[in-house]
Structures are given as C-alpha cells and as structure tokens.
Amino acid sequence: MAFPKQIRLVDVAPRDGLQNEPDAIATDTKLELIDRLANAGLHHIEAASFVSPKWVPQMADHREVMTRLQRRPGVTYSALTPNLKGLENALECGVDEVAVFGAASEAFSQKNINCSIDESLQRFAPVLERARQANVPVRGYVSCVLGCPYEGEIEPSQVARVARALYDMGCFEVSLGDTIGTGTPLAAKRMLEAVARDIPMDKLAAHFHDTYGQAIANLYAVLEEGISVIDSAVAGLGGCPYAKGAAGNVASEDVVYLMNGLGIEHGIDLDTLAATGDWITRTIGRPNRSKASVALTRS
C-alpha cells in the first residue's frame with residue numbers, strides 16, 4: 001500500500017516522557033519544553049496527566065502546567081484524564097482534548113489500574129459522557145497491544161476488542177500502544193489488520209516504544225498499511241517502568257527524519273526539534289536516545 005501523504009505527530013514527552021523520572025522536574029522546565037515543541041512545529045502536544053499526585057508525584061503540577069502554558073494558535077494541548085475527577089480538573093484548566101487509557105492485557109490492567117479490562121471500560125463511560133457535554137474530544141489509548149510484561153504475547157483479536165469498545169464509547173481516535181516495546185514489524189501489521197476490520201484507519205494512531213530498537217521499523221510497517229497519526233516523544237523520553245530494559249518512546253526526531261526520507265509532509269522543523277531534544281536531556285541529566293538528534297547536535 002502507498003504511504004500517507006501527510007502525518008500528524010503527537011508528542012507525549014511532557015506527560016509520558018517526564019512522569020517516570022525519579023527526580024523532581026521544575027514546572028518552568030516543563031513549560032519551556034512544551035513551548036519549544038510548539039515552536040518546532042508540533043501541533044499536538046500531550047502536556048499533562050491529571051492523575052493522583054500520590055501515585056505519580058511528577059504530575060502534581062498538572063494544573064499549573066495547563067494554566068500557565070503559552071497557547072499558540074493551531075496547537076492542541078491535551079491531557080490524560082483517567083477518571084471523572086481528573087477530567088473535571090482538566091476542564092477547569094481549559095484543556096483542548098483529553099485521553100483515557102485501557103489495556104489489551106488483563107494482567108496489566110489489574111497491575112496498572114487495579115481492575116479488569118471490562119471494569120476499566122465501565123469507568124470511562126462517565127468520563128466520555130461529561131467530556132461530550134463539555135464539547136471536549138476524547139482520545140483512547142490501548143496499552144500492551146504487542147506484548148505484556150506479565151502475559152507475554154497478546155492476541156490481535158483482544159486488542160481489536162478493546163479498541164472497538166473505546167471507539168464505540170465515543171473516542172474520536174484510538175492510539176495503539178506497544179507499551180513494553182517488544183513488537184516487530186510483522187506482528188505490528190497483523191495487530192493493525194485485526195483492529196482496522198472494525199475501526200477506520202484514519203481513526204487509529206501508533207504509539208510504539210523502542211525497548212528492542214524496533215520502533216522505527218514497526219512504524220514503517222504500519223505506515224505502509226495507512227496509519228497517519230504517530231505518537232512519539234522528543235529525545236525518546238519516557239517508557240514503561242514495568243518493561244525490562246525499557247528504552248523509552250520512539251524519538252520524535254527519528255520519526256521526523258524517517259518522514260523526510262519518505263517524502264511525507266508533517267510541518268515540523270527537524271533542526272529545531274533536535275535542538276529541543278538536546279536541551280531537555282541536558283537539562284534533566286538524561287541520555288538523548290534520538291539518533292537523529294545526537295547526530296545533528298553533537299557531531
């Protein structure tokens with residue numbers, strides 16, 4: 001199949017990339033990261049996570065981040081809202097879009113959010129209803145679509161079931177997450193094929209982690225199938241704390257470099273994005289996992 005002519009890149013670094021950091025990160029640093037990403041041409045940035053500070057201390061400043069960020073025209077600033085309380089807090093801060101997250105693995109669902117898959121979906125119902133009343137779009141995430149740290153391989157049919165449930169509930173888009181980064185291109189294609197039987201391809205996104213160095217190859221595979229929305233994190237920040245040797249999300253710079261090579265439009269300035277990756281990793285004292293960023297800024 002032909003590649004899409006244009007992709008939309010969703011940078012999740014301010015939320016997913018920073019929430020697992022062991023040391024406190026200043027709110028001003030988060031705000032500058034968000035602004036630098038927008039300046040590089042990102043039009044969709046997941047800026048915060050409205051979860052309990054008890055469980056995710058790094059996101060305790062979610063309200064301050066969302067109210068203080070310098071909003072740019074044409075940029076969507078979204079936030080993770082796993083429950084109704086989180087949603088209400090996000091709405092008070094003027095969030096543009098919210099997201100809920102489920103899992104394709106029963107064991108992961110129990111370990112991560114202390115309930116079954118079906119129970120998690122039931123919990124999302126009032127969140128989607130309230131968001132609908134507020135006219136705020138809801139994105140759905142499905143974790144562990146290509147593997148689980150507790151169950152191993154996940155059947156594509158199970159991924160399709162959860163994705164379809166989120167779509168039917170009203171999620172405008174469903175992001176398919178290789179949470180522990182164990183997927184390979186053929187597995188990614190087979191998973192996507194199963195999900196796309198029930199959900200239009202333009203309502204799906206790829207969210208691949210790079211634990212085994214397969215994220216770019218997996219993205220190439222699903223781009224061939226028609227995926228046109230990709231989640232990534234500048235400098236490859238983030239990653240699942242339950243994944244052995246977790247290396248983080250696929251790096252936004254590496255995705256943009258790939259898109260340039262394929263002639264796919266994206267509207268992002270690679271040099272500015274690479275400089276942002278270099279800056280944030282130096283600022284928080286973490287390795288820059290983007291090959292493109294390192295090559296462009298430290299050669």
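Quick note: residue numbers are just sequence positions, from 1.
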- Item | NZ/NE/NH1/NH2 to OD/OE distance under 4.0 Å, Arg123 and Glu119 | no

- Message: If the threshold is 4.0 Å, N to carboxylate O, is there a salt bridge linking Glu92 and Arg63?
- Response: yes

- Item | Side-chain donor/acceptor of Gln6 to backbone N/O of Ile264, under 3.5 Å | no

- Task: Could you check if a side-chain atom of Leu223 sits within less than 4.5 angstrom of a side-chain atom of Leu258, using non-hydrogen atoms only?
- Result: yes

- Query: So, Glu151 versus Ser105: side-chain donor-acceptor pair below 3.5 Å or not?
  - Reply: yes

- Query: Which heavy-atom pair separates His207 from Ser175 by the least distance, and what is that distance?
  - Reply: CB-OG, 3.3 Å

- Query: Do Asp178 side-chain atoms and Gly183 backbone N/O form a donor-acceptor pair below 3.5 Å?
  - Reply: yes

- Item | Heavy-atom side-chain contact between Leu237 and Ile284 under 4.5 Å | yes

- Task: Could you check if a side-chain atom of Ile34 sits within less than 4.5 angstrom of a side-chain atom of Asp11, using non-hydrogen atoms only?
- Result: no

- Query: Any donor and acceptor pair, going by atom type alone, linking the side chain of Asn218 with main-chain N or O of Phe208 inside 3.5 Å?
  - Reply: no

- Message: Are Leu262 and Val250 connected into the same hydrophobic cluster when the rule is that any two of I, L, V, M, F, W, Y join if their side-chain heavy atoms are below 4.5 Å apart?
- Response: yes

- Item | Over 12 foreign heavy atoms within 6.0 Å of OH, Tyr77 | yes

- Query: Is the ring centre of Phe3 less than 6.0 Å from the ring centre of Tyr220?
  - Reply: yes

- Okay, side chain of Glu106, backbone of Ile117: is any donor-acceptor separation there less than 3.5 Å? yes

- Any luck finding a side-chain donor-acceptor pair between Ser293 and Asp278 under 3.5 Å? no

- Message: Are the side chains of Met59 and Phe50 in contact, using a 4.5 Å heavy-atom criterion?
- Response: no

- Indicate the atoms forming the closest heavy-atom contact of Ala90 with Thr81, along with that distance. CB-CG2, 3.7 Å

- Are Ser232 and Asn249 close enough that a side-chain donor and a side-chain acceptor fall under 3.5 Å? no

- Message: Can you see whether Arg8 engages His43 through a side-chain donor-acceptor pair at a distance of less than 3.5 angstrom?
- Response: no

- Test item: Asp61 side-chain N/O and Glu64 main-chain N/O as donor-acceptor pair under 3.5 Å: no

- Item | Salt-bridge contact Glu224-Lys189 (side-chain N to carboxylate O under 4.0 Å) | yes

- Please check if the side chain of Ser252 supplies one atom and the backbone of Val234 the other of a donor-acceptor pair under 3.5 Å. yes

- Arg72 bridged to Asp35 by N-O distance under 4.0 Å: yes

- Message: Salt bridge or not between Glu88 and Arg130? Use side-chain N to carboxylate O under 4.0 Å.
- Response: yes

- Query: Does a sphere of radius 6.0 Å around CD in Glu129 hold more than 12 heavy atoms from other residues, nucleotides or ligands, not counting ones at 6.0 Å or beyond?
  - Reply: yes

- Query: So, the side chain of Ser228 versus the backbone of Ile7: is there a donor-acceptor pair under 3.5 Å, distance only?
  - Reply: no

- Query: Can any side-chain N or O of His209 pair as donor or acceptor with the backbone N or O of Thr211 at less than 3.5 Å?
  - Reply: no

- Which heavy-atom pair separates Asp96 from Val136 by the least distance, and what is that distance? O-CG1, 3.9 Å

- 4.5 Å side-chain heavy-atom contact, Pro156 and Val195: no

- When you check the gap from the basic side-chain N to the acidic O, do Glu173 and Lys203 get nearer than 4.0 Å? no

- Task: Tell me, please, whether Phe124 has Arg132 positioned over its six-membered ring: NZ or CZ under 6.0 Å from the ring centre and within 45 degrees of its axis?
- Result: no

- Return yes if some donor-acceptor pair links the side-chain N/O of His62 with the main-chain N/O of Ser49 below 3.5 Å, else return no. yes

- Message: Do the side chains of Arg289 and Asp254 get close enough for a salt bridge, i.e. N-O under 4.0 angstrom?
- Response: no

